[in-house]
Amino acid sequence: MSALEASFCRSAPWSVVARWMVPWATQGFPVTGDVLEIGGGSGVMAEAIAGANPQVRLIATDADPVMVQAAQQRLARFPRAQARPADATRLPFEDGAFDTVVSFLMLHHVIQWERAVGEAARVLRPGGVLVGYDLLASRAASWVHWADRSPHRLIEPGAFEPTLRQAGLDPISLRYSLGDRVLRFITWKPSRATDDPGDDITSRRSR
């Protein structure tokens, strides 16, 4: 994350935006149970989730210790939420530890983003979901990241779904927005190859 992005992540405007960004990013899908956010930055999105869903047990992670400290301060008023340092490609959690993993606009900052998807799948319980959104490769996105000099590897159109399936995740909803520059995703981890997400997803939506 560049210095410019880090500054914006800690800004008051982004805190306001996050309140409506979470429902848009998750497509209204319920965030429930034990929740992990990967690459959570300063904790703004985690704060919005914890505020709207006080029953969840939430861990927000980031590789940048400055961001983790900012997130810890932001989440201090939520007894069931915490922030911890973690590399998204090597998560320090046991297999099947979470019901929900969320990822908001961070995978393209991970050069080996496929490994981050694999780690998200590993720490999900059977029936759990990976939800979020990210940038797809485009000329505009490339210009922005070239200008701020932040490390990145944008997701090529068509590359995300095969990566999900290789990680053992089944897409439920893949929505392309802003002229196919942004991908919103809901994916599900079946317990068996023959499982259908219908009952699990209906149950979660009714909570």
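Asp134 contributes a side-chain N or O that, together with a main-chain N or O of Met106, makes up a donor-acceptor pair within less than 3.5 Å. For the pair Arg175 (side chain) and Gln27 (backbone), a donor-acceptor distance under 3.5 Å is absent. The backbone N or O of Ala63 sits nowhere less than 3.5 Å from a side-chain atom of Asp87 that would complete a donor-acceptor pair. Not one N or O on the side chain of Ser42 forms a donor-acceptor pair closer than 3.5 Å with the backbone of Ala71. Side-chain atoms of Asp62 come within 3.5 Å of backbone atoms of Gly41 as a donor-acceptor pair (strictly under, hydrogens ignored). A distance-only check finds no donor-acceptor pair linking the side chain of Arg184 to the backbone of Gly132 [under 3.5 Å]. Side-chain atoms of Arg57 never come within 3.5 Å of backbone atoms of Phe98 as a donor-acceptor pair (strictly under, hydrogens ignored). With hydrogens and angles ignored, the 3.5 Å screen pairs a side-chain donor or acceptor of Thr187 with a backbone N or O of Leu130.
Of all heavy-atom pairs between Asp170 and Pro190, the closest is OD2-CG, 3.7 Å. Closest non-hydrogen pair, Ala48 versus Val22, comes out as CB-CG2, 3.8 Å. Here the shortest heavy-atom pairing between Gly96 and Arg125 reads O-CG, 2.9 Å. Of all heavy-atom pairs spanning Ala86 and Leu91, the tightest one is CB-CD2, 4.3 Å. Across all non-hydrogen atoms, the minimal contact from Val110 to Ala116 is CG1-CB, 4.5 Å. Closest approach of Ala46 to Ala60, counting heavy atoms only: CB-CB, 3.9 Å.
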- Message: Set out, in order, the CA-CA distance, both residues' side-chain angles and the distance that settles side chain to side chain contact (heavy atoms under 4.5 Å, CB included) for Val31 and Val131, then state yes or no.
- Response: CA-CA 9 Å; Val31 177; Val131 184; 5.9 Å; no
- Check the pair Ser177, Trp24 against side chain to side chain contact (heavy atoms under 4.5 Å, CB included), reporting the backbone distance first and the verdict last. CA-CA 11 Å; Ser177 306; Trp24 177 84; 4.1 Å; yes
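Residues Arg74 and Val44 have side chains in contact (heavy-atom distance under 4.5 Å, counting atoms from C-beta outward). Within the 4.5 Å cutoff, no side-chain heavy atoms of Thr32 are placed close to those of Asn53. At least one side-chain heavy atom of Leu107 sits less than 4.5 Å from a side-chain heavy atom of Phe160. Using a 4.5 Å cut-off on side-chain heavy atoms (C-beta onward), Leu135 and Val182 make contact. A heavy-atom distance below 4.5 Å is not found between the side chains of Pro157 and Tyr176. Using a 4.5 Å heavy-atom threshold, the side chains of Lys189 and Leu169 count as touching. Put simply, the side chain of Trp113 reaches to within 4.5 Å of the side chain of Thr163, judged on heavy atoms. Between Leu75 and Glu47 the shortest side-chain heavy-atom distance falls below 4.5 Å.
The CE atom of Met45 sits 12.0 Å away from atom CG of Leu58, with the distance rounded to the nearest 0.5 Å. Rounded to the nearest 0.5 Å, atoms OH (Tyr133) and CZ (Phe104) are 8.0 Å apart. Put simply, CD on Glu37 and OG1 on Thr61 are 7.0 Å apart, with the number rounded to the nearest 0.5 Å. To the nearest 0.5 angstrom, Gln72 atom CD is 9.0 Å from Gln82 atom CD.
Following chains of ILVMFWY side-chain contacts shorter than 4.5 Å, one cannot reach Ile111 starting from Ile38, and the two form parts of different hydrophobic clusters. Connection of Val101 to Leu183 is established within a shared hydrophobic cluster, with ILVMFWY side chains joined at heavy-atom distances below 4.5 Å, either directly or through further cluster members. A continuous path of ILVMFWY side-chain contacts below 4.5 Å connects Leu105 to Val35, so both sit in one hydrophobic cluster. By the rule that hydrophobic residues join a cluster once side-chain heavy atoms approach within less than 4.5 Å of another member, Val117 and Leu136 end up as members of one cluster. When the side chains of ILVMFWY residues are joined at heavy-atom separations under 4.5 Å, either directly or via intervening members, Leu124 and Phe93 end up in a single hydrophobic cluster.
Remark: Glu94 CD is loosely packed, at most 12 non-hydrogen atoms of other residues, nucleotides or ligands lying under 6.0 Å away.
A salt bridge does not link Glu119 with Arg115: every distance from a Lys NZ or Arg NE/NH1/NH2 to an Asp or Glu carboxylate oxygen is 4.0 Å or more.
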